[in-house]
Asker: 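Below are the structure tokens for one structure; questions will follow.
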Amino acid sequence: MFFRLMYQIVLPIYVIFVIFSSITLERSQNNILIILLGILFITCNYLERIYLRYFIYISTIEIIALLLFHFTTQLNWCYSIYIILLSKFLFHIKGVVKGIFLGFVLITFYTVIRISYTPGNSYSILAIGSDYLTSLAVVLIIQYIIEMERKKNYLIEEKKREELHYKEEKNKLLAEMAAGLAHEIKNPLTIIQGFLQHSKEHDYNIQPWYDLIQGEVSRMNKLTVEFLQFSKPMVSLYQTYSIHECLKKVISLTESKVISSGHKIVYTEYNPHLFVSMDFDKIVQVFVNLINNAMESMVENGDITIRLLNVENKAVVEVSDMGVGIRETDLKKIFSPFYTTKSEGTGLGLSICQKIIQDHGGTIDATSILKQGTSFTICFPLDSVHEQ
Ligand SMILES: Nc1ncnc2c1ncn2[C@@H]1O[C@H](COP(=O)(O)OP(=O)(O)O)[C@@H](O)[C@H]1O
Ligand SMILES: [Mg+2]
């Protein structure tokens, strides 16, 4: 934007200024020629943008026009035009060495023309050094800007690619879940439909089956509620929160249920200074899910231990229980949608947890020992601003 302003506005104005100055100071040998050369130069400057394919030819004419223009105006101020032109070409060539070479060539042209109309004294000779050094500085600055720009574009592209990837993954999972959901709902619906038809056609008393029917209906309800929770568009409510605060909220939400089931939450090992960019409610939902699973896995009274640590610059939360554990072969399945070993389960809890954690750039893993308990480990990238 700023560069375009410089090439499309400032450069032509500068050329007009040099023409004006040269005529006013009576440096010019041919006023008409100087104006024509100025127009040719400015025209090339515009045409270059329109006919990018012929850039090399147009820019050659542009350089020649500048050299003649400089020679006719006999003003050292043309140096700025060389420098602006050099900066423009640098955007079209790759590499510092090529840039330095081009700068060297342009400044050599400039110097030769300048010497042709200025007296050769020590000032004039020292000025050559200054001119070359200035061109070198310009090349380095522009290369730096180009490099920064390239890196920025790369990061933007990378982010776009990542977002697209997440979207695709989510859509894939959604499709998988939708198919599973239809399958899960079809069975109870068929059962209920059978009961209703039987009752309608044969006056069959379905009262003894009320509980079963109700159970199936509430299971379908639970399935759809959880599915909707997952499929609703992810409104980004990412803000930086302390994970410790988040876990305290989770504990306050779940503790009464845990205690009334005869269990206990142990949360004594924590680092309160770990900040993560997150959708607070979603992360609360994840931990509530894990605690519910932990509770459901413990037949006898037991502890649910939560630890919050900083491991290798990541916020790591461990949720462990003393429950029945998970068989090695089943561990791989627990994050799959609809995998459940519970009669009342939906099998959606952990798949939703995994999706949420992945959306936060984190990971979730489980380890388990049969009859001893299960431990879930969640890693979050730390928020860079608060990183210690
Ligand atoms: N803490 C745990 N201890 C033992 N098994 C677990 C635990 N958490 C999850 N599981 C297993 O993973 C399955 C899937 O869990 P989840 O996705 O939350 O669905 P649901 O709780 O509805 O069954 C559970 O049915 C259970 O077999
Ligand atoms: Mg669950």
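Read the numbers this way: they start at 1 and go in the same order the structure lists the ligands and their atoms. Heads up: numbering here begins at 1 and tracks the sequence. Treat the numbers as computed from the prediction; the structure is a model and nothing was measured.
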Asker: In terms of side-chain geometry, is the basic nitrogen of Lys159 or Glu162 positioned less than 4.0 Å from the acidic oxygen of its partner?
Answerer: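 A salt bridge is absent here (no side-chain N lies under 4.0 Å from a carboxylate O).
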
Asker: With respect to Thr340, determine whether any N or O atom, backbone or side chain, lies less than 3.5 Å from an N or O atom of ligand 1.
Answerer: yes

Asker: Given Val250, which of Leu290, Asn289, Val284 fulfils the side chain to side chain contact (heavy atoms under 4.5 Å, CB included) condition?
Answerer: Val284

Asker: So among Tyr117, Trp77, Phe109, which one has a ring-ring contact (aromatic ring centres under 6.0 Å, His included) with His70?
Answerer: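 The ring-ring contact (aromatic ring centres under 6.0 Å, His included) with His70 is passed solely by Tyr117 among Tyr117, Trp77, Phe109.
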
Asker: Does the side chain of Lys88 pick up a donor-acceptor pair with the side chain of Asn45 at under 3.5 Å?
Answerer: yes

Asker: Any chance you could lay out the salt bridge (Lys or Arg N to Asp or Glu O under 4.0 Å) test for Arg161 and Glu158, step after step, and finish with the verdict?
Answerer: CA-CA 5 Å; Arg161 266 201 301 273; Glu158 178 97 347; 3.0 Å; yes

Asker: Looking at Arg219 and Glu344, is there a salt bridge between them, counting it only when a charged N and a carboxylate O are closer than 4.0 Å?
Answerer: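 Salt bridge flag = no for Arg219 with Glu344.
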
Asker: Identify the closest protein heavy atom to atom 12 (O) of ligand 1: which residue and atom is it, and at what distance?
Answerer: Ile334 CG2, 3.3 Å

Asker: Please confirm whether Gly347 comes within less than 3.5 Å of ligand 1 when only nitrogen or oxygen atoms on both sides are compared.
Answerer: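 The answer is yes, given that Gly347 and ligand 1 share an N or O pair closer than 3.5 Å.
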
Asker: In ligand 1, which numbered atoms sit nearer than 4.0 Å to a non-hydrogen atom of Leu350?
Answerer: 9 (C), 12 (O), 15 (O), 16 (P), 17 (O), 18 (O)

Asker: Does some non-hydrogen atom of Phe376 fall short of 4.0 Å from ligand 1?
Answerer: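 Phe376: in contact with ligand 1 (<4.0 Å).
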
Asker: Note the single closest protein heavy atom to atom 14 (C) of ligand 1, along with its residue, its atom name and the distance in Å.
Answerer: Tyr339 O, 3.2 Å

Asker: How close does the nearest protein non-hydrogen atom get to atom 1 (N) of ligand 1, and which residue and atom is it?
Answerer: Asp321 OD2, 2.8 Å

Asker: Just by distance, no angles: are the side chains of Tyr7 and Ser87 close enough, under 3.5 Å, to form a donor-acceptor pair?
Answerer: yes

Asker: Do you see a donor-acceptor pair shorter than 3.5 Å between the side chains of Ser22 and Thr73?
Answerer: no

Asker: For atom 21 (O) of ligand 1, find the nearest protein heavy atom and state the residue, atom name and distance (0.1 Å precision).
Answerer: Lys342 NZ, 2.7 Å

Asker: Considering only heavy atoms of Thr346, which atoms of ligand 1 have at least one such atom less than 4.0 Å away?
Answerer: 22 (O)

Asker: Checking a contact table here: which protein heavy atom is nearest atom 27 (O) of ligand 1, and how many Å away?
Answerer: Thr341 OG1, 2.5 Å

Asker: Could you point out which residue of Ile13, Leu75, Ile23 forms a side chain to side chain contact (heavy atoms under 4.5 Å, CB included) with Val18?
Answerer: Leu75

Asker: As an exercise, identify every atom of ligand 1 less than 4.0 angstrom from a heavy atom of Gly345.
Answerer: 22 (O)

Asker: Tell me, please, if Asn293 has any N/O/S atom, main chain or side chain, under 2.8 Å from the Mg ion (ligand 2)?
Answerer: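 A backbone or side-chain N, O or S atom of Asn293 is under 2.8 Å from the Mg ion (ligand 2).
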
Asker: For ligand 1, which atoms sit closer than 4.0 Å to a heavy atom of Ser297?
Answerer: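 Here the atoms of ligand 1 in question are 2 (C), 3 (N), 4 (C).
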
Asker: For Ile326, which part has a heavy atom under 4.0 Å from ligand 1: side chain, backbone, both, or neither?
Answerer: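 Only the side chain of Ile326 comes within reach of ligand 1.
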
Asker: Counting non-hydrogen protein atoms only, what is the nearest one to atom 18 (O) of ligand 1? Give residue, atom name and distance.
Answerer: Asn293 ND2, 2.8 Å

Asker: Side-chain donor-acceptor pair under 3.5 Å between Ser135 and Tyr110, yes or no?
Answerer: no

